[in-house]
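For reference, the structure is listed below as structure tokens.
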Amino acid sequence: MGKMAAAVVSLATLATEPKEDAFRKLFRFYRQSRPGTEDLRAVIDFSEAHVARSPKPGVPKVVRFPLNVSSVTEHDTCRAGLQPVSKWQAYGLEGYPEKRFIFIPNPFLPGCQWHWVKQCLKLYSQKPNVCNLDKHMSKEETHGLWEQSKELLRSKEVNKRRPRSLLERLRWVTLGYHYNWDKQVATACGFQGFRAEAGILNYYRLDSTLGIHVDRSELDHSKPLLSFSFGQSAIFLLGGLKRDEAPTAMFMHSGDIMVMSGFSRLLNHAVPRVLPHPDGECLPRCLETPLPAALPSNSLVEPCSVEDWQVCATYLKTARVNMTVRQVLATGQDFPLEPVEETKRDITADGLCHLHDQNSPVKRRRLNPNS
């Protein structure tokens with residue numbers, strides 16, 4: 001308890017020192033923290049929330065969130081690779097308005113993350129989707145990104161001195177077409193009629209971060225933003241409307257789903273740290289179970305070959321993928337002819353993943369307290 005109290009005191013002190021806002025201080029604190037130390041004792045772990053007896057000092061209380069169990073049939077959730085809604089554990093944070101921030105620890109059926117990992121790495125990375133590599137390479141060079149990368153990744157464990165594949169150099173992909181599978185999550189959380197119209201995939205390496213930002217790009221903030229995590233764990237910071245409010249830190253593990261809408265859509269948030277597996281280059285335990293041989297009729301989940309999963313597994317041993325899906329327009333709304341400057345800024349910088357690179361112009365701006 002002494003070490004825990006000391007860690008909380010250090011966090012409180014860090015958040016109140018002058019000349020730098022509280023959010024940026026804690027972002028830097030967690031960016032520099034070491035896994036396995038008391039530095040992470042104040043980070044909320046929703047996967048263990050059901051056994052927590054009392055909230056940690058200085059940390060918001062975790063509360064249960066009631067889901068609409070009868071809104072989605074068991075067949076529909078199973079088709080998407082999800083457990084029945086009745087088996088989900090959903091939580092919120094005391095002090096946040098109801099139905100604004102919801103955290104669902106891994107509701108996926110055993111093995112079904114395999115399919116969505118493969119979709120993120122093999123399918124969604126392909127053209128015509130736009131990615132960070134397009135800024136420096138021609139469409140011909142980035143065409144068939146998976147095919148160009150798979151042999152390098154398969155041989156990574158044999159020879160780690162091989163050059164990085166295109167897939168390992170991927171940082172973000174923007175998606176502009178409709179999904180169906182995530183509608184189950186939105187409906188279970190009480191958001192009827194949700195339409196997935198756009199999304200961003202962030203591909204994190206162990207030295208990657210997601211800078212402090214607010215998602216302002218959509219025209220209707222009442223619709224939820226759904227965030228899905230796969231691979232290695234990370235720390236997520238959820239702050240307030242202003243950066244001088246100290247954020248709450250929480251773990252995001254593989255399979256976890258986060259839902260933000262309304263008020264919480266306007267809160268500052270960031271990912272300061274991706275955490276390496278404590279046993280070295282290993283997969284999270286929930287990714288060790290293969291897809292079941294028998295899938296339900298009309299399943300959205302497809303079989304994953306041994307060869308494809310070998311590539312995915314090698315990649316995820318030192319990486320994580322996060323997909324955010326959103327409805328951009330409300331009923332009757334149309335896209336503006338020209339996006340406003342603030343919208344352009346959010347799309348091109350704040351919502352995307354950047355390497356922890358001191359020489360990067362974007363990273364230099366983020367590290368400058370006066371930026």
Side-chain angles (χ1 to χ4, degrees), residues 15 20-31 44 60 92-93 95-103 132 171-172 174-175 186 189 191 194 196-202 204 208-229 234-250 252 257-273 322-330 333 335-336 338-354 361-371:
E20 191 176 12
D21 63 70
F23 201 122
R24 194 181 297 271
K25 277 185 171 63
L26 287 178
F27 182 95
R28 176 166 49 84
F29 176 85
Y30 283 114
R31 181 69 187 91
I44 294 173
L93 294 173
Y96 286 82
E98 186 180 356
K99 286 182 64 173
R100 295 297 182 261
F101 173 78
I102 307 165
F103 198 105
N132 63 293
R171 292 296 169 263
W172 54 262
T174 57
L175 307 173
C189 291
F191 299 98
F194 173 77
E197 296 174 328
I200 295 175
L201 282 94
N202 279 326
Y204 295 76
S208 299
T209 63
L210 179 65
I212 306 168
H213 70 286
V214 175
D215 293 300
R216 298 191 183 95
S217 301
E218 290 70 46
L219 301 180
D220 181 10
H221 293 149
S222 68
K223 304 301 180 183
L225 180 153
L226 282 72
S227 171
F228 301 82
S229 293
I235 296 173
F236 178 79
L237 299 179
L238 180 64
L241 295 173
K242 298 181 180 180
R243 293 193 183 185
D244 58 3
E245 299 179 52
T248 298
M250 59 197 76
M252 290 190 298
I257 300 175
M258 190 164 54
V259 182
M260 300 171 70
S261 73
F263 176 80
S264 69
R265 291 290 302 275
L266 301 178
L267 300 180
N268 286 284
H269 52 279
V271 178
R273 185 69 191 270
N322 179 261
M323 178 168 62
T324 58
V325 183
R326 56 198 78 194
Q327 177 175 330
V328 181
L329 301 174
Q333 283 185 326
F335 287 100
E338 289 292 335
V340 296
E341 289 302 314
E342 183 67 23
T343 298
K344 289 181 180 178
R345 181 180 68 82
D346 279 344
I347 293 175
T348 57
D350 283 346
L352 305 176
C353 182
H354 299 283
V362 175
K363 178 53 78 174
R364 283 203 302 269
R365 288 198 297 271
R366 293 196 186 285
L367 294 176
N368 181 359
N370 298 318
S371 62

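The shown structure was predicted, so the numbers you read here are calculated from the model rather than taken from an experiment. Because only heavy atoms are used, hydrogens play no part in the values below, and waters and symmetry mates are left out as well, while side chains stay in.
Within the 4.5 Å cutoff, the side chain of Thr324 has no heavy atoms near those of the Leu226 side chain. With contacts defined as side-chain heavy-atom distances shorter than 4.5 Å, the pair Met260/Leu238 qualifies.
One distance of note links OH of Tyr204 with OG of Ser229; it measures 8.0 Å at 0.5 Å rounding. To the nearest 0.5 Å, the span separating CD1 on Ile212 from NE2 on His269 amounts to 11.0 Å. Taking CG from Leu201 and OG1 from Thr174, the interatomic distance works out to 9.5 Å, rounded to the nearest 0.5 Å. The CG atom of Leu210 sits 13.5 Å away from atom CH2 of Trp172, with the distance rounded to the nearest 0.5 Å. To the nearest 0.5 Å, atom CZ of residue Phe236 and atom CE of residue Met258 are 3.5 Å apart. Put simply, CG on Leu175 and CD1 on Ile200 are 8.5 Å apart, with the number rounded to the nearest 0.5 Å.
Here the closest non-hydrogen pair linking Ala22 and Pro247 is O-CD, 4.2 Å. Met250 approaches Leu93 most closely through the heavy-atom pair CE-CD1, 4.0 Å. Nearest heavy atom pair, residue Ser227 against residue Asn322, reads OG-ND2, 2.9 Å. Closest heavy-atom contact between Ile235 and Pro272: O-CD, 3.1 Å. Shown here for Pro60 and Ile44, the closest heavy-atom pair between the two residues is O-CD1, 4.0 Å.
Here the side chain of Asn268 pairs a donor or acceptor atom with the backbone of Gly240 at under 3.5 angstrom.
Applying the ring-ring contact (aromatic ring centres under 6.0 Å, His included) criterion to Phe23, with sequence neighbours excluded, gives no partner residue. Considering only residues two or more places apart in sequence or on other chains, Thr248 meets the side-chain hydrogen bond (donor to acceptor under 3.5 Å, both in side chains) condition with none of them.
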